[in-house]
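Just below is one structure, and these are the notes that go with it.
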2 protein chains.
Amino acid sequence: MARGAVTIIDVAQAAGVSKSAAARVLARNGSVSDKTRMKVLEAAARLGYRPNHVARAMKSGATNTIGIVVPDVALPFFSAVLRGLADTARAAGFEVLVSNTDNDADIEARSLELLAEQRVDGVVIAPVFQENPAAIVRLDREGMPIVLLDRRMPGLEHLPLVSLDHVDATERAIRSLIEGGHRRIALVTEAAQVRSTLESLTSRTSESSDLSLLRPSAQRFVGYLRALHRAGLEIDDELIIRSGYTTGDAQQAVEAFLDRDTGATALHATDAVLSSGAYRGIRACGFSIPDDLSFIGFDDEDWTTMVQPAVTVVEQPRQRLGATATTALVGIIRGGAAEPREQLLEAELVVRGSVAAASLPSHTLRCEPIRTGVSAPSPSTSGRL
Amino acid sequence: MARGAVTIIDVAQAAGVSKSAAARVLARNGSVSDKTRMKVLEAAARLGYRPNHVARAMKSGATNTIGIVVPDVALPFFSAVLRGLADTARAAGFEVLVSNTDNDADIEARSLELLAEQRVDGVVIAPVFQENPAAIVRLDREGMPIVLLDRRMPGLEHLPLVSLDHVDATERAIRSLIEGGHRRIALVTEAAQVRSTLESLTSRTSESSDLSLLRPSAQRFVGYLRALHRAGLEIDDELIIRSGYTTGDAQQAVEAFLDRDTGATALHATDAVLSSGAYRGIRACGFSIPDDLSFIGFDDEDWTTMVQPAVTVVEQPRQRLGATATTALVGIIRGGAAEPREQLLEAELVVRGSVAAASLPSHTLRCEPIRTGVSAPSPSTSGRL
DNA sequence: TTGAAAGCGCTAACAG
DNA sequence: CTGTTAGCGCTTTCAA
């Protein structure tokens with residue numbers, strides 16, 4: 001600000017015209033004679049004039065800035081979303097202010113407060129799961145354009161949401177396993193719900209209004225139930241592996257699971273964190289993928305193509321999520337138009353080598369931990385396929 | 001802005017005091033009676049007053065906002081840097097505006113221009129490599145506080161730089177291999193320089209002034225040369241694997257290299273992208289790590305602990321790079337103090353299982369491509385160890 | 001301690 | 001087509 005600070009007045013003086021004449025030229029609106037335009041443009045270029053967006057914002061009430069509030073931009077998912085959002089925002093003439101919440105409601109509230117003080121024109125937020133999202137509600141009431149990303153919760157029903165179609169994503173993965181002949185398919189989930197709570201959502205077709213209030217993990221769980229249900233397969237609680245939301249938890253849970261004789265021929269983990277833990281667990285037990293067990297992961301992180309065989313995954317259109325959310329937000333800012341309450345993007349199943357057809361009935365296979373640190377020759381216990 | 005728009009005037013009226021009295025309370029400076037303070041605070045709370053940072057910036061000339069300009073926030077390195085930067089900035093009372101350049105000089109120039117128009121108080125930038133960084137130079141001349149991140153180039157000698165100590169990072173990796181008994185150590189590099197150009201930098205101790213103008217890749221190359229030099233080992237051009245900057249290139253280059261009989265017992269790739277390519281190349285040839293070849297990667301990406309054995313890597317303190325850059329920038333903004341021209345952070349060697357001691361003299365080992373898609377039982381051609 | 005008043009740089013309504 | 005003028009919300013002298 002104290003910068004070079006060439007103002008519109010300096011330009012006007014140098015060009016020998018009035019402040020408003022210069023303003024008209026520089027803001028390219030209002031009519032001006034060619035001669036005046038020339039003089040002003042020349043003076044502006046010579047002096048190195050640079051419009052002051054702060055003053056402009058002060059006057060117009062629009063900062064041409066939007067905020068994005070996410071748990072952690074360092075997570076691959078959110079950094080990709082941010083990228084998509086930033087590109088779209090820039091193309092629409094907006095700058096982007098970022099905030100991390102670390103899934104802390106207080107930090108989130110504080111971040112929103114700061115963004116509001118900065119007078120951003122709108123906010124895209126992946127909200128922290130909380131009882132009472134008061135900060136968001138308050139901002140919304142005050143008229144701040146808000147678009148939810150990836151998550152909704154009670155109290156925010158009226159806000160537009162851009163999210164993956166979580167139900168469909170998982171359903172798609174499970175369906176592909178079923179089509180491959182798998183019948184006993186295990187699921188690693190961090191959803192807390194018991195099966196029966198979600199099972200009612202399985203049959204009805206368009207319950208998205210209910211579904212969107214569930215956490216993504218629960219929605220994905222529904223996708224699992226729905227896929228089995230539609231295929232006429234029985235749902236076996238034994239195949240549902242509950243895990244805390246850490247790689248370590250998932251690994252442990254999967255190892256414990258594999259140690260039991262469940263007859264599972266395939267396993268799907270419904271999240272990136274759970275996927276890497278599950279994969280580790282499978283390997284730690286000495287199981288060979290896909291010979292002993294087929295595996296489908298979630299999110300296309302780089303490790304999935306570094307291991308052998310490469311892992312079949314459900315991939316989210318991360319950048320597109322950010323871009324879509326931004327487009328929706330800009331629409332609200334510009335038009336005040338009521339955006340569709342929900343935009344669900346489709347996931348894609350990236351088929352690689354971690355899934356085999358299940359032609360033979362499953363047989364007993366137990367977890368046999370291998371000596372860590374030694375590159376494990378796959379036990380090849382089974383001759384399936 | 002058009003928001004709830006409770007202004008300081010509204011508060012003053014509600015409190016029955018003058019605008020300036022209210023301002024003094026709300027900006028907590030200037031002396032006010034307790035009674036006045038109470039009344040104002042109460043009114044502000046009741047009305048939901050929220051300071052308008054735009055107006056404040058307009059008046060004070062400080063936006064309390066900084067910009068970060070990087071090639072791509074979706075890359076793990078930059079997203080981690082951004083996280084560190086955002087945390088530090090927030091703690092210091094600054095908001096963060098992000099820009100991606102995709103390594104395009106024009107986009108970079110445009111981004112800087114926009115940030116300047118927004119009147120950010122300072123900029124942290126990982127500049128695009130270019131002949132003439134005019135946009136950065138211009139901003140600097142106009143007095144904009146700037147801190148370079150990770151890269152410097154001719155024309156920017158005077159700007160403070162926060163970077164990894166690239167030379168030391170690679171030197172450290174190579175030294176550890178040497179200490180493990182390796183003598184024929186291959187390097188995958190994207191540096192364009194011929195060996196002799198850099199070799200002169202090997203002996204002198206504190207040529208950092210010269211070194212910082214080299215690209216990170218070249219600096220790392222110097223680290224390689226320096227490590228061998230100091231160990232009194234001969235440098236063999238045959239062991240230097242030149243690669244383009246893509247995973248595919250690196251894989252191809254490594255495969256071609258392994259197809260020759262060079263007697264290498266260890267290999268180091270000086271970058272995350274090259275590392276994954278190199279790793280793929282080694283595996284594609286059917287080599288077993290570390291039995292046939294020891295391997296050290298660069299950057300601690302998630303795949304390095306998903307493969308077996310886990311990969312020993314040189315790890316950069318990414319978040320700390322962002323934090324350090326921000327601290328430096330804030331120092332300049334606040335104090336105008338001349339920051340140290342260069343702050344080089346140390347890398348850490350994370351020792352895992354991909355390095356074996358080289359006890360036996362190397363023997364002939366050729367690349368034997370394996371059938372892709374088949375999980376390769378390691379050939380175990382050699383009985384080393 | 002308090003209030004009045006002058007802007008920060010820009011836009012826009014208005015008069016000429 | 002052009003110049004004058006009145007603010008946007010806030011901070012900060014300057015008097016009182």
Side-chain angles (χ1 to χ4, degrees), chain A residues 1-41 43-44 47-65 114 116-121 142, chain B residues 1-41 43-44 47-65 93 116-121 142:
Chain A
M1 205 83 150
R3 216 71 57 247
V6 176
T7 77
I8 208 166
I9 296 189
D10 300 325
V11 174
Q13 284 178 344
V17 300
S18 77
K19 191 175 63 158
S20 44
R24 273 188 284 266
V25 174
L26 267 10
R28 27 184 153 294
N29 70 338
S31 43
V32 261
S33 68
D34 279 356
K35 206 179 63 182
T36 302
R37 176 184 322 333
M38 280 307 140
K39 283 193 298 187
V40 171
L41 254 23
L47 269 49
Y49 170 75
R50 185 178 284 142
N52 184 333
H53 282 203
V54 175
R56 195 168 275 178
M58 177 88 175
K59 186 76 192 142
S60 70
T63 52
N64 289 310
T65 301
L114 285 171
E117 293 183 357
Q118 299 275 357
R119 297 304 193 262
V120 293
D121 295 333
E142 294 176 4
Chain B
M1 207 84 150
R3 216 69 58 245
V6 176
T7 76
I8 210 167
I9 295 189
D10 301 324
V11 174
Q13 284 178 341
V17 300
S18 76
K19 187 175 67 159
S20 41
R24 272 189 285 265
V25 173
L26 266 10
R28 30 184 151 292
N29 70 338
S31 42
V32 262
S33 67
D34 279 355
K35 207 178 63 181
T36 302
R37 174 180 329 325
M38 280 307 141
K39 284 194 297 187
V40 170
L41 255 23
L47 269 50
Y49 170 75
R50 184 179 284 143
N52 184 331
H53 282 201
V54 175
R56 194 170 277 179
M58 178 89 177
K59 187 76 194 148
S60 69
T63 53
N64 289 309
T65 300
E117 291 183 358
Q118 298 276 357
R119 298 304 194 261
V120 294
D121 295 334
E142 293 175 6

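Scope of the values below: all heavy atoms of this structure, side chains included, with no hydrogens, waters or symmetry mates. Labels below follow one simple rule: chain letters A, B, ... track the order of the sequence lines, proteins then strands, and each chain is numbered from 1.
Distance CG (A:N52) to C1' (D:dC8): 13 Å, rounded to an integer number of Å. Rounded to whole Å, the distance from CE on A:M38 to P on D:dC1 is 14 Å. Rounded to an integer number of Å, the gap from A:Q118 CD to D:dG9 C1' is 15 Å. In this structure, the CG atom of A:D34 is 12 Å from the C1' atom of D:dC1, given to the nearest Å. The separation between A:D10 atom CG and C:dG9 atom P is 8 Å, rounded to whole Å. Distance, B:H53 NE2 to D:dC8 C1': 17 Å, rounded to whole Å. To the nearest angstrom, P of C:dA12 lies 13 Å from CG of A:L26. Distance CD1 (B:I8) to C1' (D:dG7): 17 Å, rounded to an integer number of Å.
The stretch residues 13-24 of chain A touches DNA chain D through A:V17, A:S18, A:K19, A:S20, A:A21, A:R24, each having a heavy atom under 4.0 angstrom from the strand.
Taking the side chain of B:M58 as heavy atoms from C-beta on, and the options C:dC8, C:dT11, D:dT11, the nearest nucleotide is C:dC8. Considering only the side chain of A:S33, D:dC1 comes nearest among D:dC1, C:dT11, D:dG9. Residue B:K59 has its side chain nearest to C:dG7 when only D:dG9, C:dG7, C:dT2 are considered.
A:E117 meets the side chain to side chain donor-acceptor pair (under 3.5 Å) test with B:H53; sequence neighbours excluded.
Shortest non-hydrogen contact noted between B:T63 and A:V54 is CG2-CG2, 3.8 Å. The minimum heavy-atom distance between A:D121 and A:G61, with the atom names listed, is OD1-O, 4.2 Å.
The side chain of A:R56 contributes no N or O atom lying less than 4.0 Å from OP1 or OP2 of C:dG9. Checking the phosphate oxygens (OP1, OP2) of C:dT2, a side-chain nitrogen or oxygen of B:T36 falls inside 4.0 Å.
Looking at heavy atoms from C-beta onward, B:V17 lies in side-chain contact with B:K39 at the 4.5 angstrom threshold. B:L41 places a side-chain heavy atom less than 4.5 Å from the side chain of B:L26. At least one side-chain heavy atom of B:R119 sits less than 4.5 Å from a side-chain heavy atom of A:R50.
Atoms CD and OG1, from A:Q13 and A:T7 in turn, are 7.5 Å apart once rounded to the nearest 0.5 Å. With rounding to the nearest 0.5 angstrom, the OG1 atom of A:T36 is 9.0 Å from the CZ atom of A:R24.
For the helix from C:dT1-D:dA16 to C:dG16-D:dC1, the terminal axes (five pairs an end, C1' atoms, rotation from four pairs onto the next four) enclose an angle of 50°, given to 10 degrees.
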